[in-house]
Amino acid sequence: MQLIPCPWCGPREEAEFHYGGQAHVAYPEDPSALTDEEWAQYVFFRENPSGPFAERWSHSAGCRRWFNAVRDTRTHDLLAVYRAGEPMPEVTS
Amino acid sequence: MTAEPTSPLAGWTDRLAALAPALIVAERPYRSQLTVRVSDPDAVAAMGSALGVAFPPVPCTFSAGSGPFGDVEVLWLGPDEFLVVAPPGLQTEIEEVLRGALGSHRGSVVDTSAQRTTVVLEGPHVRDVLAHGCSVDLHPSSAPTGTCVQTLLARTGIVLQVTGADTFTVLVRSSFAEYLAAWLSDACVEYGVAS
Amino acid sequence: MTFRKPTGGEIDRHTLLRFTFNGVEYTGHPGDTLASALLANGVHEIGSSVKLGRPRGIVAAGSEDPTSLVQIEAPFPEPMLLATTVELYDGLVARGLAGQGRLAPEPDPARYDAKHEHCDVLVVGAGPAGLVAALTAARSGARVVLLDEQNQAGGALLGVDEYLDDRPSAEWVGDIVAELRTTPGVLVLERTTAFGMYQDGFVLALQKRTDHLGFAAPAGVARQRVWRIRTKQTVLATGAHERPVVFADNDRPGIMLASSARTFLHRYGVLPGSRAVVFTTNDSAYCAAIDLAESGVDIALIADARPDAPARLATECAARGIEVRAGQVVTGTEGPGRVTAVSIGDTRIECDTLLVSGGWNPVVSLFSQARGKLRYDTELGAFVPGEELDTVRAAGSATGELDLNACARQGREAGSAAAAAAGFTPGGQVPLPVSDSRCTSRSGLVVWRVPGADDASFVDLQRDSTVADVLRATGAGLRSLEHIKRYTTIGTAHDQGKTSGMIAAGIVAEALGVELAEQRPTTFRPPYTSVSFAALAGRDRGELHDPVRVTAIHPWHVANGALFEDVGQWKRPWYYPKPGEDLHTAVLRECRATRESVGMMDGSTLGKIDVQGRDAGRFLDMLYTNMMSTLKVGRIRYGVMCGVDGMVIDDGTVIRVGEERYLVTTTTGNAAKILDWMEEWLQTEWPHLDVHCASVTEHWATIPLVGPRSRDVLAAVAPDLDVSNEAFEFMTWHDTHVAGVPARVCRISFSGELAYEINVTAWYGLAVWEALMAAGEKYGITPYGTETMHVLRAEKGYPIIGQETDATVTPQDLGMSWAVSKKKPDFIGKRSFARVENNRTDRKQLVGLLPVDPTVLLPEGSQIVETDRLPEPPVRMLGHVTSSYPSAALGRTFALALVRSGHERIGETLYVPYEDSLVPVTVTDSVLYDKEGARRDG
Ligand SMILES: [Zn+2]
């Protein structure tokens with residue numbers, strides 16, 4: 001049972017959290033201006049790196065805040081957590 | 001013709017009382033509860049003075065005090081979210097007062113009095129019982145009096161307040177209250193309560 | 001004859017325990033394990049091997065034993081336990097196994113639980129290193145947990161008769177344990193095995209709390225407990241296991257690890273036999289031989305594989321008349337079951353016991369699970385911790401160190417470093433003991449196997465896997481230990497290869513001609529020892545298996561005989577059978593009563609979310625496919641929500657409570673999901689919007705009052721309310737009092753009938769429900785459950801999210817284009833509606849199906865095909881039946897279905913497999929009852 005450090009509540013067991021997929025995928029400014037392919041990129045396509053990956057998490061059983069985390073997909077180690085709206089910090093994996 | 005209220009654990013009063021002395025457990029029903037969303041510091045301060053209780057400035061804590069609405073607690077639920085808890089029957093008045101204090105600032109006030117019920121726990125085994133289902137460290141050095149965490153107890157979400165040396169308050173969603181009571185009863189068997 | 005010594009050991013000879021093994025009654029003493037008690041009675045054959053049926057005995061004294069599998073029959077059936085780890089109790093009934101046992105068919109009456117524990121320093125293993133580590137950390141003021149799988153502390157000291165600092169080792173152990181037990185913040189757990197080590201200092205440990213009490217186990221105490229330990233720092237003082245050497249016919253009962261025989265002698269006062277041969281590659285077996293000789297065992301010979309025997313030990317042996325032959329190995333054994341003779345080259349020696357030592361394997365499972373790198377130690381012939389981790393340190397023989405003083409020193413250093421890393425400064429230094437042991441040298445000869453009959457040279461005694469199997473694997477081209485492990489099954493039995501894994505690796509390396517240092521050891525995986533599912537389930541079983549959520553009105557449903565349906569975690573009334581009624585007749589009655597007079601149900605489980613703020617309308621416009629910002633205060637609108645992919649995710653009503661305030665409802669199962677969905681958009685995409693959401697699902701009790709007489713009933717309980725059609729229009733709401741309680745009444749309908757939804761604070765739900773029952777009595781008011789609700793809505797063609805939809809269905813597919821705004825520039829899902837895929841004419845669309853035979857009830861989930869005879873496969877499926885009911889109102893059966901190009905097929909005949917035939921069905925519009933909507937105004 002991994003600990004995930006909520007930026008507000010501190011480290012809690014992962015069972016208190018929900019995963020929200022890749023971070024920093026913004027809702028398009030004007031979806032109607034996109035081609036089907038561009039729209040499909042937004043809806044269906046996500047990165048799947050081996051290594052550091054910026055993800056969204058929600059502390060769903062706690063303060064219910066969404067935040068971002070950089071997780072090393074090879075080890076599951078959380079390299080950084082930061083609040084929604086903040087830029088992704090530099091990490092060393 | 002006026003309907004009488006029934007609290008979520010009305011049917012459990014005797015069974016919870018029977019857990020003593022392993023655990024002294026009782027429901028505190030019908031408390032006034034308001035979910036408040038506010039972040040503006042002036043509005044937070046105004047709400048605090050309206051209640052006579054300053055809002056908790058630190059995550060995972062609660063504040064308590066007395067004011068025009070009697071004994072009031074303000075629980076931190078999130079960076080801009082609080083639960084105001086007061087004696088029964090005051091929710092409408094308090095909602096109005098808080099709305100006034102909020103003024104034109106961003107935020108909201110919602111009467112959620114019946115959304116959760118309150119269970120108070122005390123006794124020498126209270127930490128042991130909670131540790132059977134709660135992964136948060138409740139050692140006094142980690143969770144001193146004044147702590148207020150939202151977490152899981154067994155399979156239900158709770159708001160857990162540390163209110164004294166061996167006293168805790170648990171707020172649980174009303175629909176989960178009987179599960180919580182059944183779970184507490186089962187956990188107390190270890191401490192000498194008949195199963 | 002007894003093999004119990006008259007004195008010695010940690011057993012109580014004054015108390016007799018009776019037990020039965022393989023149908024024979026024996027006695028033992030408190031302090032015995034089942035294994036030691038059997039050996040004391042001269043019983044070496046325990047069971048037989050899983051594939052070959054060869055007799056199996058007792059190889060080791062602890063949890064590393066590969067062979068002594070037993071099934072306990074009384075007090076409660078439990079399979080696959082090791083006789084070496086079952087503590088003896090009076091009345092125990094057990095039998096040996098042929099590799100597998102059976103689970104009890106009856107429910108286990110024992111209690112099981114779990115407990116969370118937090119500490120600064122966790123020490124695993126209460127041997128010399130662990131004890132010193134724990135005390136060192138405890139003296140620094142750290143919160144310490146010390147756990148050990150044995151019933152008492154001491155570790156390897158329990159199996160020897162060493163003196164520490166000139167006194168019995170038990171006294172030294174006792175002093176440390178006593179200090180630990182009286183130090184605040186220290187928890188010492190016996191009979192507790194750390195079976196898994198995970199990320200962030202999370203360790204799972206199984207404590208066997210009452211197993212050893214047998215029939216006397218108190219009913220209220222959890223028999224086993226899973227400790228969920230979260231620690232900042234860990235010291236692994238997990239010790240080492242002796243390993244054997246593989247040779248021909250090495251699997252007979254009576255062949256035992258030398259140190260285990262020594263443990264049986266010193267801990268239990270039991271002799272392994274009368275005449276023993278010792279086969280060793282290192283010094284440690286000499287101590288076993290000398291101790292056993294001094295206890296009266298005839299040591300026929302020590303065969304030492306090394307070219308030279310250790311001089312000092314050889315002298316001590318000579319003084320006791322024990323012959324030592326260097327450069328000799330055991331090449332075979334004989335015996336009908338138990339060993340009767342051993343061959344050493346051409347020499348044949350009769351004996352009833354063969355003691356073997358092939359060196360020591362440090363127990364590195366947890367270190368490996370903690371992602372610590374292992375290193376091959378060529379001198380030891382074993383993998384050892386190859387690095388120090390930030391939070392995990394190994395100490396004692398777990399590192400390969402075998403000298404007691406050095407082990408204790410490592411423990412002190414690890415305990416001190418762990419406490420410091422957790423932020424504590426050292427307290428009083430723990431003195432290091434000095435032992436009088438003869439055998440402290442770790443050097444030996446690394447020998448994996450003695451060449452001989454490969455197919456009778458067993459590597460994994462439990463899996464019946466031999467050297468021949470390993471060579472077959474390497475011969476087949478397998479190179480990696482992971483692959484060979486799976487091919488041969490070596491190391492996959494209950495013991496997880498504790499004694500066999502290293503040997504298998506050695507034999508593989510030899511066969512491949514590679515260095516072991518180059519080989520990657522197989523991954524150690526939890527659990528270290530077997531853990532029962534009952535223990536893992538803990539108290540999460542029976543009524544506590546999953547929370548049962550109930551509404552405020554639930555007690556009434558129970559008292560009035562409702563049968564319940566599980567909807568997520570909710571218990572919802574399914575139907576209320578009267579005496580003699582089944583589902584079918586009860587639902588027909590409930591439907592008829594509701595359509596003809598008045599019915600009501602408990603709708604409190606509906607999700608309810610308060611949405612407030614200046615931008616609330618704008619926000620809801622983005623979430624729903626239809627326009628919500630134009631809704632007038634006091635009015636209600638039905639809405640559909642889609643994902644960004646344009647597929648329907650939920651539906652419900654939206655009530656405009658005020659200029660900046662709405663109350664939205666969700667389906668029962670999606671309440672939490674939709675609130676999360678809203679928060680996700682608000683927090684991550686649109687934080688600039690002035691909107692806040694709050695769940696009020698359980699704040700309100702919700703009671704739909706449905707049917708032509710609902711207005712009369714409402715009027716009776718809500719005297720302040722003008723219930724006329726003009727004053728209280730469809731899709732509007734009013735705040736009033738119902739049964740004297742503040743209430744919000746919404747005029748909405750999910751049945752097509754005149755209907756009201758009464759919302760009161762949940763505390764008053766039960767009383768208001770009873771008041772409505774009383775007020776409706778003269779109209780025959782009928783409570784109904786989810787089944788009737790489903791029929792009533794299906795007759796009107798209203799879809800249920802999750803029943804008619806499955807995340808591939810659009811609003812257009814449901815025939816709900818009317819609920820999709822054309823005016824809004826954007827909303828979630830809108831862009832997807834323009835995708836080519838969404839505009840295919842052959843999408844599956846919601847339609848009604850009327851079986852041509854009006855008595856045929858189509859099974860839900862049935863496939864739909866085009867022709868009345870099945871063509872050759874593959875058969876093209878047109879869709880499936882999503883809902884199917886008999887209808888009182890229609891006087892026939894009907895169904896809803898998703899059908900390819902369904903909207904174009906209305907009027908066509910299609911076919912549905914039913915029992916053994918294909919039955920014809922007519923495709924219709926999904927609205928089957930009161931198409932004009934005349935009834936909803938009453
Ligand atoms: Zn949090």
Side-chain angles (χ1 to χ4, degrees), chain A residues 1-5 7-8 10-15 17-46 54-68 71-72 74-78 82-86, chain C residues 114 116 118 196-204 226-232 370-371 390-391 526 622-623 642-647 672-673 675-689 692-695 822 824-839:
Chain A
M1 183 73 74
Q2 194 167 2
L3 291 178
I4 296 177
W8 303 102
R12 296 286 185 88
E13 292 203 340
E14 63 184 278
F17 297 82
H18 272 168
Y19 184 61
Q22 184 178 350
H24 309 299
V25 180
Y27 186 76
E29 198 72 20
D30 180 6
S32 67
L34 302 185
T35 64
D36 271 11
E37 196 181 326
E38 288 165 337
W39 177 247
Q41 280 293 335
Y42 165 72
V43 175
F44 300 113
F45 289 79
R46 294 294 182 271
E55 305 169 328
R56 298 185 310 153
W57 287 86
S58 164
H59 189 192
S60 48
C63 65
R64 304 192 303 122
R65 286 321 105 152
W66 282 90
F67 60 93
N68 297 321
R71 181 178 60 102
D72 189 323
R74 296 164 300 188
T75 60
H76 296 309
D77 288 339
L78 290 168
Y82 52 107
R83 294 172 184 178
E86 292 178 355
Chain C
H116 294 267
H118 299 258
M197 182 146 196
Y198 307 84
Q199 270 180 306
D200 301 320
F202 189 58
V203 175
L204 290 179
V226 173
W227 288 88
R228 304 171 67 88
I229 301 166
R230 183 72 65 176
T231 183
K232 295 191 178 82
R371 298 195 215 148
D390 291 342
T391 59
M622 280 304 287
L623 287 188
C642 290
V644 288
D645 60 1
M647 302 303 160
K673 208 170 96 182
L675 181 61
D676 286 350
W677 176 246
M678 291 179 165
E679 287 288 352
E680 182 177 348
W681 286 99
L682 283 175
Q683 292 179 31
T684 68
E685 286 292 342
W686 306 319
H688 56 283
L689 291 186
H692 291 101
C693 305
S695 169
K822 311 227 168 9
K824 292 193 288 185
D826 193 25
F827 55 84
I828 293 169
K830 179 179 167 79
R831 175 62 186 83
S832 287
F833 295 153
R835 292 175 68 232
V836 173
E837 178 65 28
N838 287 56
N839 289 289

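Within every chain, numbering begins at 1; the chains are lettered A, B, ... in the order of the sequence lines, protein sequences first and strands thereafter.
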Original post:
Where on C:Ala834 is there a heavy atom nearer than 4.5 Å to chain A: the side chain, the backbone, both, or neither?
Top reply: backbone
Original post:
Side chain, backbone, both or neither: which part of A:His76 has a non-hydrogen atom closer than 4.5 Å to chain C?
Top reply: both
Original post:
Contact part of A:Arg56 toward chain C, heavy-atom cut-off under 4.5 Å: side chain, backbone, both or neither?
Top reply: side chain
Subject >> Proximity breakdown for A:Phe67 and chain C, heavy-atom pairs closer than 4.5 Å >> reply: neither
Subject >> For C:Lys830, all residues meeting side chain to side chain donor-acceptor pair (under 3.5 Å), sequence neighbours excluded >> reply: none
**OP:** Would you give the length of the straight line joining atom CG of A:Leu78 to atom CG of C:Asp200, rounded to the nearest 0.5 angstrom?
**Re:** 7.5 Å
**OP:** Answer with side chain, backbone, both or neither: which region of C:Leu675 has an atom nearer than 4.5 Å to a non-hydrogen atom of chain A?
**Re:** side chain
Subject >> Set of residues satisfying side chain to side chain donor-acceptor pair (under 3.5 Å) with respect to A:Glu14, sequence neighbours excluded >> reply: none
**OP:** Write down the atom of C:Val836, the atom of A:Asp36, and the distance for their closest heavy-atom approach.
**Re:** N-OD2, 3.4 Å
Subject >> Electrostatic pair A:Asp30-C:Arg831, nearest N-O below 4.0 angstrom >> reply: no
Subject >> Pairwise distance CZ(C:Arg228) to CD(A:Glu13) - rounded to 0.5 angstrom >> reply: 6.0 Å
Subject >> Residue pair C:Val644 / A:Trp39: nearest heavy atoms and the distance that separates them >> reply: O-CZ2, 3.4 Å
Original post:
If you look at every heavy atom in A:Tyr27 and C:Phe827, which pair is closest and at what distance?
Top reply: OH-O, 3.9 Å
Subject >> C:Glu679 backbone acceptor or donor facing A:Arg64 side chain under 3.5 Å >> reply: no
Original post:
Measuring heavy-atom distances to chain A, does C:Met622 have an atom under 4.5 Å in its side chain, in its backbone, in both, or in neither?
Top reply: side chain
**OP:** Let me know if C:Asp826 has heavy atoms under 4.5 Å from chain A in its side chain, its backbone, both or neither.
**Re:** side chain
Subject >> Least distance between heavy atoms, C:Glu685 atom then A:Val25 atom >> reply: OE2-O, 3.4 Å
**OP:** Taking all heavy atoms of A:Thr75 and all of C:Gln199, pick out the closest pair and write down the distance.
**Re:** O-NE2, 3.1 Å
Original post:
What option among A:Ala40, A:Ser58, A:Ala84, A:Pro31 has the most heavy-atom pairs under 4.5 Å with chain C?
Top reply: A:Pro31
**OP:** Mind running side chain to side chain contact (heavy atoms under 4.5 Å, CB included) on C:Glu680 and A:Trp66 for me, showing each step along the way?
**Re:** CA-CA 7 Å; C:Glu680 182 177 348; A:Trp66 282 90; 3.5 Å; yes
